[in-house]
Number of protein chains: 2
Amino acid sequence: MTDSEPVLAELEPTTGERLLAGAAEMFREKGYAATSTRALAARLGIQNASLYHHIGGKEDLLYRLCMVTLDDVAERFAQVLDVQRDPSEALGLLATGYLDQALRDRDRHATMLSELRSLSTDRRAEVVGRRDENVARVQETVIAAQAAGQLREEIDPKYLTLALFNLLNWSIFWFSPDGDLDRDELGRILSSVYFDGIRDRAQDETNTPEGGARCA
Amino acid sequence: MTDSEPVLAELEPTTGERLLAGAAEMFREKGYAATSTRALAARLGIQNASLYHHIGGKEDLLYRLCMVTLDDVAERFAQVLDVQRDPSEALGLLATGYLDQALRDRDRHATMLSELRSLSTDRRAEVVGRRDENVARVQETVIAAQAAGQLREEIDPKYLTLALFNLLNWSIFWFSPDGDLDRDELGRILSSVYFDGIRDRAQDETNTPEGGARCA
DNA sequence: GTCTATACACAGATAGAC
DNA sequence: GTCTATCTGTGTATAGAC
């Protein structure tokens with residue numbers, strides 16, 4: 001056993017891991033097609049040819065990136081849904097959990113969302129299938145919350161789900177950790193807009209028996 | 001005067017116009033970097049070299065595409081804002097107008113939104129500046145609506161505005177005119193979610209004096 | 001306004017030494 | 001696991017005839 005194979009702790013990322021992280025960063029900045037394998041290799045301090053010891057081809061990087069990213073989301077969703085909860089509470093946790101993870105790993109998530117089209121047909125279908133599984137978990141929760149009388153039923157759950165991903169996904173492209181808003185605050189704002197809308201209902205406070213609690 | 005220069009009607013698009021439309025379509029499908037000038041020329045039925053009679057370089061296409069798209073939005077916004085209106089009504093019209101236009105011209109809008117990074121620094125700054133002007137029109141309207149007591153004031157207008165563009169922009173990437181939802185229906189759904197949220201408030205109908213009208 | 005021919009840079013990928 | 005050297009295809013763009 002040598003110290004290049006730590007057993008209990010990964011003290012340093014392997015070249016394979018650094019490669020994937022570097023690819024995510026460059027793919028996000030310049031796009032997949034505009035990122036050359038030479039530039040990617042240079043970023044790791046190795047030669048272009050050395051990359052091919054770790055990957056079969058450039059496309060492998062994009063494919064792996066997409067898959068691990070979607071797996072992470074699936075795992076996060078499972079953690080929320082493994083516990084018996086009120087459906088609308090579960091929906092809120094799915095939303096904030098997804099956003100939290102996506103904003104922590106913006107490079108990978110943005111790449112997954114915008115560079116899918118560069119994958120081969122087969123791999124793209126596989127990735128889209130896995131993404132749709134995650135979306136399905138959310139949609140099932142929306143449906144449960146509608147059945148529980150918690151969400152408006154006159155809108156097709158499919159579109160309530162799409163509206164949520166609209167709200168969350170586009171944030172990944174403009175959010176900056178250096179901005180005046182942190183991940184949690186953005187999650188609270190978007191959840192609040194999603195569930196309650198932006199209309200001011202303050203005037204109802206004086207009219208409803210409970211002091212407007214249901215409308216707030 | 002020859003019939004190749006119609007005065008009152010453009011019977012056929014010029015090669016320059018076909019070029020811009022073809023570029024938008026291909027940039028959207030494959031991305032700017034992955035679209036070769038040869039493929040673009042082939043799409044118009046001409047040789048690669050012939051393109052350079054119409055443009056100075058490939059990047060010109062992306063730049064022009066972005067600018068005309070943002071100009072169209074600016075014009076649409078101006079039409080809404082030139083009329084004196086209730087601020088929240090104006091906001092609704094800005095939202096549905098923007099979405100309508102973006103979904104009619106998905107190729108150009110999607111390209112503008114996702115391929116900005118491929119522009120040179122100077123041109124990118126110019127495009128971003130023009131985009132920000134459009135966003136500013138919306139944010140001003142949000143602020144006016146807050147001041148009029150129509151929108152929740154505890155959320156920074158900046159984020160109310162971003163939430164709206166989240167909701168609208170991501171739709172451009174998944175909307176299909178062949179789907180079971182048309183542009184207007186999507187506009188109504190997203191506006192409804194944006195203004196009123198997805199929470200069911202039906203139970204208040206039996207409690208509020210006005211029959212729940214304010215909460216519906 | 002479109003063509004043929006071509007220049008030249010750079011892409012992804014491989015062979016084989018160390 | 002990384003290197004040097006290299007193959008081959010394709011990219012954007014230009015020159016100059018028609």
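Order of the sequence lines sets the chain letters (A, B, ...), proteins ahead of strands, with each chain counted from 1.
- Taking side-chain N and O atoms only, A/Tyr52 has no distance below 4.0 Å to OP1 or OP2 of C/dT14.
- With sequence neighbours excluded, no residue forms a ring-ring contact (aromatic ring centres under 6.0 Å, His included) with B/Tyr194.
- The 5' end of DNA chain D is approached more closely, in terms of each residue's nearest nucleotide, by A/Gln47 than by the other of B/Gly57 and A/Gln47.
- Following rounding to the nearest Å, A/Asn48 (CG) and D/dC7 (P) show an atom-to-atom distance of 16 Å.
- Nearest nucleotide to the side chain of A/Ala49, out of D/dA15, D/dC3, C/dT2: D/dC3.
- Identified under the salt bridge (Lys or Arg N to Asp or Glu O under 4.0 Å) test for residues 146-157 of chain B, with sequence neighbours left out: B/Arg152-B/Glu154.
- Considering only side-chain N and O atoms, B/His54 lies under 4.0 angstrom from the phosphate OP1 or OP2 of C/dT2.
- Going from atom CD1 of A/Ile55 over to atom P of D/dT2 covers 12 Å, rounded to whole Å.
- In summary, the side chains of A/Tyr63 and A/Glu126 do present a donor paired with an acceptor at a separation below 3.5 Å, with no hydrogens or angles considered.
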(request) Could you please spell out the steps behind the side chain to side chain donor-acceptor pair (under 3.5 Å) verdict for A/Asp86 and A/Ser88? (result) CA-CA 6 Å; A/Asp86 182 71; A/Ser88 81; 3.1 Å; yes

(request) Kindly indicate, with the supporting measurements, whether the criterion salt bridge (Lys or Arg N to Asp or Glu O under 4.0 Å) is fulfilled by B/Arg117 and A/Glu115. (result) CA-CA 13 Å; B/Arg117 61 186 168 195; A/Glu115 302 292 345; 2.6 Å; yes

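- Atom NE2 in B/His53 sits about 17 Å away from atom P in C/dT4, given to the nearest Å.
- Annotation: proximity of residues 20-39 of chain A to DNA chain D (heavy atom, distance under 4.0 Å) is found for A/Arg38, numbered in ascending order.
- Between the P atom of D/dG11 and the NZ atom of B/Lys58 lies a distance of 9 Å, rounded to the nearest Å.
- Note: CG (A/Asp60) to P (C/dA13) measures 8 Å, nearest angstrom.
- For the pair A/Arg188 and A/Asp184, the salt-bridge criterion is not met [side-chain N within less than 4.0 Å of a carboxylate O].
- Spacing between atom CD of A/Glu17 and atom P of D/dG1 amounts to 13 Å, rounded to whole angstrom units.
- If you measure from atom CD1 of A/Ile46 to atom P of D/dG1, you get 11 Å, rounded to the nearest angstrom.
- By the 30° and 60° cut-offs, the orientation of the rings of B/Phe77 relative to B/Tyr98 is tilted.
- Dashed line: the shortest gap from a side-chain N or O of B/Ser50 to OP1 or OP2 of C/dG1 is not under 4.0 Å.
- If you measure from atom CG of B/Leu51 to atom C1' of C/dC3, you get 13 Å, rounded to the nearest angstrom.
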